[in-house]
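Structure first, then comments.
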Amino acid sequence: MAERPDSWLETVSLAANDSPNKRIVPAAKPIAMSLKSQRITAPQFTAFKAEGRKISMVTAYDYAMARLVDAAGVEGILVGDSMSMVVQGHDSTLPVTLDEMIYHAEMVGRAVEHALVVVDMPFPSFHLGKYKAIENAGRILKESRCQAVKLESGVEQAETIAALVSAGIPVMAHCGLRPQTVNQLGGYRVQREEKQLMSDAKAAEQAGAFAIVLECIPRNIAKRITAELAIPTIGIGAGADCDGQVLVINDLLGLTEGFVPKFVKPYADLKGEIARAVADYRHEVREGKFPDKEHGYG
Ligand code: KIV
């Protein structure tokens, strides 16, 4: 099991033996303040930056994968709207619905014990006014046991972020390449407008975001944004100077077919492993080698 931060378990001491009226109060046991088990909280996640602790995040979309990546010790798990592409097979993140995000977030929420769990607000669930955004983000938190939402945001979404935060909903912002705006951008491109990117990131921080994803921006711009912000920057295609990194789990495991972005490093070849395992199984079935004695009942 991976190393855990010292601040993993927040405790509140109710001990009051030195109270002025000299009442004898037994020292109380510390109260564990936790969601499911001892998950990292949004404030702890933010504090990792000040502690100089690099943050790892990956996506997960179902119970089995969420358990595996959580056990591997990542600090954050994102139920990303990338699900629209890697799970549902669409060609963008636009089609996935709020109900579908919640359905998958619920599976992930049921699995995770240690990491902070963040859920993407799908398009256009946070563009319908701040009250509707609170209602939609509120559904995510109520129905999925996840702890925070992420929204693709620039200066224009600062008010929405502030409204969500005022409702007690932790918000992770997402600047740089915002895949939900692909039709406006005309494609998935590296974003290089430093002034705009800096304003977007600062607006998110000022609005109360606890962290911010920086997607597909040049390393030197990500470095300057990271230096300017007190909240952690989580990069994807934004270089090594961010406070943390996030990858789509299918990319990390080598499961993605077709185009793989330049910033992806596959740490395994599960596509190859799956092909080999299923071909072996098929061969053994055809040859009458499976099931053998060992894998049946007498
Ligand atoms: O949806 C997603 O997986 C994301 C990450 C790529 C940051 O937003």
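All values below come from the heavy atoms of this structure, side chains included, with hydrogens, waters and symmetry mates left out. Numbering of ligands and ligand atoms starts at 1, following listing order.
Residue Lys223 places its NZ atom among 12 or fewer non-hydrogen atoms of other residues, nucleotides or ligands, all under 6.0 Å distant. Counting heavy atoms of neighbouring residues, nucleotides and ligands inside a 6.0 Å radius, atom CD of Glu143 exceeds 12 of them.
At a heavy-atom distance under 4.0 Å, only side-chain atoms of Leu78, from C-beta outward, approach ligand 1. Both the backbone and the side chain of Asp81 come within contact range of ligand 1, each with a heavy atom under 4.0 Å.
Scanning both residues, Ala111 and Asp70, for their nearest heavy atoms gives O-OD2, 4.3 Å.
Ring-plane geometry between Phe45 and Phe210 is classed as perpendicular, the angle between the planes exceeding 60 degrees on a 0 to 90 degree scale with a lower cut at 30.
Residue, atom and distance of the protein heavy atom nearest to atom 2 (C) of ligand 1 are Ser82 OG, 3.3 Å.
Looking at Glu135 and Lys132, a side-chain N of the basic residue comes within less than 4.0 Å of a carboxylate O on the acidic one, giving a salt bridge.
Under a 4.0 Å heavy-atom criterion, His174 is in contact with ligand 1. Residue contact check for ligand 1: Lys150 places a non-hydrogen atom closer than 4.0 Å to it.
Those atoms of ligand 1 with a heavy atom of Ile236 less than 4.0 angstrom away are 6 (C). When each atom of ligand 1 is checked for a heavy atom of Thr59 under 4.0 Å away, the hits are 3 (O). Listed by number with element, the atoms of ligand 1 under 4.0 Å from a non-hydrogen atom of Gly80 are 1 (O), 2 (C), 3 (O).
No chain of hydrophobic side-chain contacts below 4.5 Å, direct or via other Ile, Leu, Val, Met, Phe, Trp or Tyr residues, connects Leu78 to Leu214.
Each of Glu113, Gln147, Gln44 was scored for a side chain to side chain donor-acceptor pair (under 3.5 Å) with Arg39, with one residue passing: Gln147.
For a threshold of 3.5 Å applied to N or O pairs, the pair formed by Tyr61 and ligand 1 contains no separation below that value.
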